[in-house]
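Since the structure is predicted, the reported quantities are computational estimates derived from the model, not experimental observations.
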Amino acid sequence: MQIASFNINGVKARLPAVLDWLDAAAPDVAVLQEIKSVDEAFPREPFEDRGYNLETYGQKGFNGVAILSKFPLEDVRRGLPGDDEDAQARWIEATVTGRRAVRICGLYLPNGNPAPGPKYDYKLAWMARLEARARELLAAEEPAVMAGDYNVIPQDEDAARPEAWAKDALALPRTRAAFRRVLNLGFTEAFRARVQGPGHYSFWDYQGGAWDRNDGIRIDHMLLTPQAADLMTDCRIESGVRAGEKPSDHVPVWIDLDA
DNA sequence: ATGTCGGCATTGTGCCGA
């Protein structure tokens with residue numbers, strides 16, 4: 001089972017690029033972030049024409065997540081538990097079954113800038129709720145994947161210019177500590193289980209020719225329960241997508257599961 | 001350090017979020 005995560009930065013603006021990517025790469029399962037569309041306006045047909053089941057959790061103008069799957073999507077849940085007042089569409093879950101059942105969680109973690117401030121408080125509160133949901137997923141002792149745009153630069157080696165991000169909400173010590181707290185529950189960060197060292201990024205800003213200078217950061221991650229990690233056979237970042245026509249500022253991250 | 005983009009409210013362009 002090949003699973004991809006891709007922050008597409010607007011489904012309307014990105015439709016040709018996303019469809020070209022699906023035609024070429026054909027993931028079994030994909031989680032999308034920043035669809036920036038309400039559910040009723042999401043262009044379902046071209047995805048369904050390609051054989052994908054589709055579940056969306058959108059809102060007007062910002063945020064929004066979706067799951068695509070060639071397998072049926074079962075037990076769909078929308079929204080990260082823990083705050084009934086939270087209207088931002090940043091979390092969706094479903095179970096897919098290939099040779100084995102895998103719980104798929106797609107997430108778009110708050111950016112949190114400027115920090116300090118209310119947006120950073122919201123980010124940290126959201127990460128505490130993520131930790132709580134992560135504990136539940138672990139307790140189930142089943143294969144589960146939490147994939148998406150975490151808006152977290154885990155370590156300095158995950159940025160081409162770490163000094164430029166030192167005071168940013170994506171890299172502040174409290175952000176990194178909250179991310180580590182989730183990992184330390186027993187999750188495997190898929191990419192770092194496979195690849196070591198600097199120079200691997202998943203986002204390049206549109207500004208300042210960041211892609212041309214390879215001035216990137218690695219903020220799109222996949223966290224696996226032990227039962228999922230035991231099934232992982234590969235993890236990679238599809239950085240070439242960033243050079244395409246009218247690209248997103250993020251690129252897809254992939255895992256292969258023997259499932 | 002700010003050279004960009006997407007979406008919205010709005011009919012021209014400024015604002016927000018990233």
Side-chain angles (χ1 to χ4, degrees), chain A residues 5-21 31-44 46-47 56-66 80 86-92 106-127 130 147-154 158-172 174-176 178-179 201-221 237 239-253:
Chain A
S5 173
F6 191 5
N7 180 324
I8 62 173
N9 190 17
V11 70
K12 191 180 295 182
R14 210 66 58 218
L15 195 58
V18 170
L19 296 176
D20 286 350
W21 171 70
V31 293
L32 307 180
Q33 302 88 41
E34 282 204 271
I35 63 173
K36 296 187 177 181
S37 170
V38 293
D39 297 334
E40 309 79 67
F42 193 97
R44 305 183 62 91
F47 294 92
T56 62
Y57 180 40
Q59 68 179 93
K60 187 170 182 168
F62 307 104
N63 306 326
V65 288
L80 181 62
D86 186 359
Q88 299 194 31
R90 297 179 174 276
W91 180 271
I92 189 168
L107 67 100
Y108 176 47
L109 202 150
N111 175 293
N113 281 302
K119 291 189 175 179
Y120 193 56
D121 295 341
Y122 174 68
K123 178 176 193 150
L124 293 177
W126 202 95
M127 293 182 85
L130 172 65
D149 177 358
Y150 278 73
N151 271 314
V152 173
I153 302 168
D158 298 308
R161 293 186 304 130
E163 68 283 359
W165 298 91
K167 294 180 178 175
D168 192 281
L170 278 61
L172 282 171
R174 293 173 77 194
T175 303
R176 289 178 169 179
F179 184 71
Y201 312 124
S202 67
F203 168 92
W204 295 259
D205 202 294
Y206 289 122
Q207 300 186 66
W211 167 251
D212 295 326
R213 295 186 291 113
N214 196 24
D215 181 10
I217 53 177
R218 195 175 68 88
I219 57 175
D220 298 270
H221 309 300
I237 300 175
S239 50
V241 168
R242 188 63 175 78
E245 184 95 2
K246 210 167 184 284
S248 172
D249 40 7
H250 295 250
V251 297
V253 179

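- Inspection of the A:Lys123 and A:Asn111 side chains reveals no N or O donor paired with an N or O acceptor under 3.5 Å.
- Nearest-nucleotide assignment on DNA chain B puts the 5′-proximal partner with A:Arg213, out of A:Arg213 and A:Ala13.
- Interatomic distance, A:Leu107 CG to A:Leu80 CG, rounded to the nearest 0.5 Å: 8.5 Å.
- Taking atom NZ of A:Lys246 as the reference point, atom C1' of B:dG7 lies 11 Å away to the nearest angstrom.
- Residues A:Gly209 and A:Val11 both approach DNA chain B. Their nearest nucleotides, taken by heavy-atom distance, put A:Gly209 toward the 5′ side.
- Straight-line distance between the P atoms of B:dG6 and B:dT2: roughly 22 Å, to the nearest whole Å.
- Between the CD1 atom of A:Ile35 and the P atom of B:dG7 there is a distance of 11 Å, rounded to whole Å.
- For the ring-ring contact (aromatic ring centres under 6.0 Å, His included) test, residues two or more places apart in sequence or in another chain that qualify with A:Tyr150 are A:Phe179, A:His221.
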Table of protein N/O atoms under 3.5 Å from nucleotides 15-18 of chain B N/O atoms:
from, atom 1, to, atom 2, distance (Å)
B:dG17, OP2, A:Lys119, NZ, 3.1
B:dG17, O5', A:Lys119, NZ, 3.4

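- Residues meeting the ring-ring contact (aromatic ring centres under 6.0 Å, His included) test with A:Phe62, sequence neighbours left out: none.
- Under the 3.5 Å distance criterion, with hydrogens and angles disregarded, a donor-acceptor pair is assigned to the side chains of A:Asn63 and A:Gln88.
- For B:dG6, neither phosphate oxygen OP1 nor OP2 lies less than 4.0 angstrom from any side-chain nitrogen or oxygen of A:Lys60.
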**Message:** Would A:Leu172 and A:Tyr120 count as a side chain to side chain contact (heavy atoms under 4.5 Å, CB included) here? Give the steps.
**Reply:** CA-CA 10 Å; A:Leu172 282 171; A:Tyr120 193 56; 3.5 Å; yes
